[in-house]
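We count ligands from 1, going down the list as the structure has it; atoms in each ligand are counted the same way.
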Amino acid sequence: MTVQELWKEGNHILSEAGIEEAILDSRYLLEWVLQCNHSYLLLNPNSLVTMEQEQQYRTAILERKGHKPLQYIVGEQEFMGYSFLVNEHVLIPRQDTEILVETVLKHMQECMETASDCEKLQEDTEADTVYKILDMCCGSGCIGISLWKKINEKQQGMCQVIVSDISSEALEVTRENAKRLKADVEIIKSDLFQAIKGKFHILVSNPPYIPSKVVDTLMPEVREHEPRLALDGSPDGLFFYRNIIEQAKDYLEEEGYVFFEIGFDQAEDVRKIFVDAGFEQVMIKQDLAGLDRVIYAKLPAGKNHATSKQR
Ligand code: GLN
């Protein structure tokens with residue numbers, strides 16, 4: 001069979017099944033099976049594929065026909081310029097979540113600039129601080145690992161990153177990602193703060209935040225293939241924000257920050273939870289579509305439970 005014939009067949013099956021991006025998906029899967037790029041397909045329509053490739057492609061097309069997301073079929077997704085392994089135990093990293101990472105990076109940049117200003121004025125100041133960052137509900141590890149890489153690329157040893165999740169299967173994926181991206185992050189299995197020790201300058205999380213009833217209305221790619229555990233944020237979607245914010249005081253350094261990804265309509269609810277818990281300087285950021293996507297706030301000095309607990 002030729003490249004062109006196989007592509008046609010794949011496209012036909014996906015179009016018939018009502019897959020929206022049939023042409024693109026069938027092409028992308030063929031590129032993946034043949035390990036080639038788009039121009040190879042265009043320039044070599046009549047070259048022959050092996051039986052093995054034909055079979056692998058048909059299997060992939062059938063999976064896609066069943067609404068399995070492309071990323072789970074090919075096993076990876078790019079995020080912040082890095083390639084992350086994914087399987088059905090972790091959420092597929094979303095482009096919108098890059099805004100969360102970029103917001104934390106910008107904050108870190110400002111911290112570094114302030115620290116180096118201090119260093120010029122007086123020696124032995126915050127300039128030597130190692131920033132401790134906790135990525136809670138880490139899934140594939142895309143947030144924590146990207147932060148570790150971006151920050152350490154700029155300034156080696158500047159930060160220590162701990163990533164945690166309740167799911168052992170998800171943490172296996174995190175571990176693989178940390179290994180292949182050579183990110184020295186600490187990986188902890190924990191139900192929220194249950195196994196977390198110590199204090200952090202930054203707590204970042206993209207927790208499950210979709211209201212339970214809404215999960216069942218999502219597209220089949222998400223509803224039937226992505227882990228419900230990573231999506232369902234309780235009946236009102238706010239369970240994780242409430243819990244993390246309430247307990248954060250025990251785990252934040254003085255003037256520590258909490259950064260969250262949120263759903264487009266959750267900014268005001270989460271702002272209120274922050275304010276009620278004594279946080280200040282609540283900031284909200286929008287995604288490329290102009291929808292509220294990130295919220296963060298600072299725990300003012302004296303508000304954390306600094307020395308009360310021995311951990
Ligand atoms: N932190 C991971 C991500 O943003 C997983 C999020 C989750 O499981 N809710 O992709």
Side-chain angles (χ1 to χ4, degrees), residues 69-72 75-105 133-150 161-178 181 183 185-193 196 200 202-212 214-215 218 221-234 236-245 258-264 266 270 285 287-288 291-296:
L70 269 181
Q71 294 89 336
Y72 289 147
E76 56 188 8
Q77 168 66 33
E78 201 204 283
F79 182 83
M80 293 299 294
Y82 307 113
S83 167
F84 283 87
L85 297 176
V86 292
N87 63 27
E88 297 201 16
H89 296 296
V90 299
L91 206 71
I92 298 166
R94 305 294 205 268
Q95 216 185 347
D96 285 334
T97 306
E98 294 188 344
I99 297 169
L100 176 63
V101 173
E102 271 155 14
T103 307
V104 176
L105 286 173
I133 302 175
L134 172 63
D135 170 12
M136 184 166 271
C137 309
C138 67
S140 63
C142 63
I143 297 173
I145 291 173
S146 301
L147 284 171
W148 189 92
K149 291 200 69 81
K150 297 279 176 200
V161 175
I162 292 172
V163 301
S164 71
D165 202 284
I166 191 174
S167 155
S168 307
E169 291 93 346
L171 290 179
E172 270 171 41
V173 180
T174 319
R175 196 160 287 115
E176 278 301 307
N177 280 322
L181 293 167
V185 299
E186 189 179 337
I187 299 169
I188 298 181
K189 177 173 159 61
S190 182
D191 181 359
L192 297 181
F193 290 101
I196 303 295
F200 302 87
I202 291 175
L203 208 159
V204 57
S205 182
N206 174 22
Y209 59 71
I210 300 173
S212 308
V214 178
V215 176
L218 300 174
E221 274 75 356
V222 180
R223 184 181 73 210
E224 286 164 19
H225 294 275
E226 298 208 73
R228 189 165 184 125
L229 192 63
L231 296 166
D232 192 333
S234 81
D236 69 357
L238 301 171
F239 174 87
F240 292 91
Y241 300 119
R242 258 188 234 110
N243 272 270
I244 294 174
I245 292 172
V258 177
F259 293 77
F260 285 123
E261 175 169 321
I262 50 170
F264 71 97
Q266 293 175 322
V270 181
K285 285 190 89 169
D287 59 22
L288 296 174
L291 303 171
D292 292 341
R293 182 59 63 189
V294 167
I295 190 163
Y296 60 104

N/O donor-acceptor pair under 3.5 Å between Ser205 side chain and Met136 backbone
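Pair found, side chain donor or acceptor close to backbone of Met136.
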Residues, nucleotides or ligands: over 12 heavy atoms within 6.0 Å of Gln95 CD
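No, because the 6.0 Å sphere around CD of Gln95 holds 12 heavy atoms or fewer from other groups.
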Show the protein residues that qualify under the rule heavy atom under 4.0 Å from an atom of ligand 1, listing them in chain and number order.
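Only Leu91, Thr97, Cys137, Cys138, Gly139, Cys142, Ile143, Asn206, Pro207, Pro208, Ala230 have heavy atoms that fall under 4.0 Å of ligand 1, ordered by chain and number.
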In terms of the angle between their ring planes, are Phe84 and Phe79 parallel, tilted or perpendicular, with boundaries placed at 30° and 60°?
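Phe84 and Phe79: perpendicular rings.
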With sequence neighbours left out, what residues match Leu70 under side chain to side chain contact (heavy atoms under 4.5 Å, CB included)?
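Once residues adjacent in sequence are excluded, the partners of Leu70 under the side chain to side chain contact (heavy atoms under 4.5 Å, CB included) criterion are Asp25, Tyr28, Leu29, Arg64.
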Taking NZ, NE, NH1 and NH2 as the nitrogens, is one of them in Arg242 or Asp236 under 4.0 Å from a carboxylate oxygen of the other?
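A salt bridge links Arg242 with Asp236.
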Of Asp287, Thr97, Thr103, which is the lone residue that meets side-chain hydrogen bond (donor to acceptor under 3.5 Å, both in side chains) with Arg293?
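So the option named by the test is Asp287.
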